[in-house]
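A quick write-up on the structure given underneath.
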Amino acid sequence: MFEKLKKAFGGSKDEAAPKVEEKVEAAVETPVEAAPEAAPEAAPAKPRIGYIHLSGCTGDAMSLTENYDILSTVLTDMIDIVYGQTLVDKWIHGTYAEEMPEMDLCLIEGSVCLQDEHSVHELLEARKKSGLIAAFGSCAVTGCFTTFARGGQQAQPKHESFLPISSLVKVDLALPGCPVAPEVIAKAVVALCEGDLDYLKPAMDWAACDKGCGCDVLTNVIRQGLCTGCGTCALACPTRAMGFSEGRPSCDRDRCIKCGSCYMMCPRSWLPEGRIKKETGL
Ligand code: SF4
Ligand code: SF4
């Protein structure tokens, strides 16, 4: 499963195919045997998906379950959820005694707290056990509102450093949003099952992103002369920090929770560099 994607991320390489002559020799040397009775066709293996809940609010998992029209098909016909504390009762307990299974894809919600040994261990273990890691929601992608955490609160006053997961492990896909839209999750899962790399290109491009802010729109789009005034950034903002007036967005930084949605949803934010230069004449 996900072979096309794994190759795109530098995964397993194909073994060298035998030459035509070798195939012919093998065919000649192999005695013809009576054909065995046809075995019943095995059902194709479904992708094994895990879900890990670090320092998040479970809003992204709830968003996944809000795909009412296709959820039962996805869960019964398309994927197997093999790991997770919320969706299945299988996860590493405090002692790390329970084994984490191999996974094709692991969705990781929430940022990682450096002072929480269990979270760090689970994240590192997930990287070893998963073909692909998806940062699931803005807390995992950019840190989002956990960016403002500074410790000092009971019952864990020492828990003060919350980082996007790409700070500790390589991330293959980023699904931003606070929370991620149910439709985005559904389309990404279907595209993953079908190996649709074109659809997933933006999610792959955002994988290395580790910060977000409303000022990204101002700095990287408007100041570059790329803004078309479409208003998508203001509509994407969950806190109305991104306003819109006189055909241009403006950010109220005191309301911004640093989810990165405005910039990542902007249709001008991921134009290829060559095209930007051509359009701006630089
Ligand atoms: S302006 Fe809104 S959408 Fe943009 S990063 Fe801030 S909170 Fe998120
Ligand atoms: S989404 Fe991008 S192009 Fe559209 S108004 Fe916002 S900054 Fe401009």
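Atoms within a ligand are numbered from 1 in the order they appear, just like the ligands themselves.
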Report whether any nitrogen, oxygen or sulfur of Cys266 sits less than 2.8 Å from atom 4 (Fe) of ligand 2 (N, O or S, backbone or side chain). no
Measure the shortest side-chain to side-chain distance between [X] and [Y] over non-hydrogen atoms and say whether it is less than 4.5 angstrom.
X      : Y      : answer
Gln156 : Gln115 : no
Ile52  : Leu123 : no
Leu107 : Leu64  : yes
Val180 : Phe136 : yes
Trp206 : Ser269 : yes
Ile165 : Ile133 : yes
Arg240 : Arg255 : yes

Of all the atoms in ligand 2, which lie at a distance below 4.0 Å from a heavy atom belonging to [X]?
X      : answer
Cys227 : 3 (S), 5 (S), 7 (S), 8 (Fe)
Arg268 : 3 (S)
Gly229 : 5 (S), 8 (Fe)
Val221 : 7 (S)
Pro267 : 1 (S)
Phe244 : 5 (S)
Gly231 : 4 (Fe), 5 (S)
Thr228 : 3 (S), 8 (Fe)

I'd like to check which ligand 1 atoms, numbered from 1 as shown, lie under 4.0 Å from a non-hydrogen atom of Thr239. 7 (S)
Distance under 4.0 Å to a non-hydrogen atom of Cys213: what atoms of ligand 1 satisfy this? 5 (S)
How far is [atom] from the closest protein heavy atom, and which atom is that?
atom                    : value
atom 2 (Fe) of ligand 1 : Cys237 SG, 2.3 Å
atom 1 (S) of ligand 1  : Gly214 CA, 3.6 Å
atom 4 (Fe) of ligand 1 : Cys262 SG, 2.3 Å
atom 6 (Fe) of ligand 1 : Cys256 SG, 2.4 Å
atom 7 (S) of ligand 1  : Ile257 N, 3.4 Å
atom 8 (Fe) of ligand 1 : Cys259 SG, 2.3 Å
atom 5 (S) of ligand 1  : Gly260 N, 3.2 Å

Would you compute the distance between atom CD of Glu246 and atom OG of Ser250 and round it to the nearest 0.5 angstrom? 9.5 Å
Compute whether any side-chain donor of one residue and acceptor of the other, for Glu109 and Thr58, lie under 3.5 angstrom apart. no
Go through the side-chain N and O atoms of Tyr83 and Glu122 and say whether any donor and acceptor fall under 3.5 Å apart. yes
Around atom NZ of Lys129, are there more than 12 heavy atoms of other residues, nucleotides or ligands at under 6.0 Å? yes
Exactly one of Ile79, Val82, Leu105, Ile81 should register a side chain to side chain contact (heavy atoms under 4.5 Å, CB included) with Arg48. Which one does? Val82
If you measure from each non-hydrogen atom of Val217 to ligand 2, which part falls under 4.0 Å: side chain, backbone, both or neither? side chain
Close approach of Gly212 to ligand 1, heavy atoms, under 4.0 angstrom: no
Using modelled atom types and a 3.5 Å cut-off, is there a donor and acceptor pairing between side-chain atoms of His53 and backbone atoms of Gly56? yes
Under 4.0 Å, heavy atoms only, figure out whether ligand 1 is touched by the backbone of Cys233, its side chain, both or neither. neither
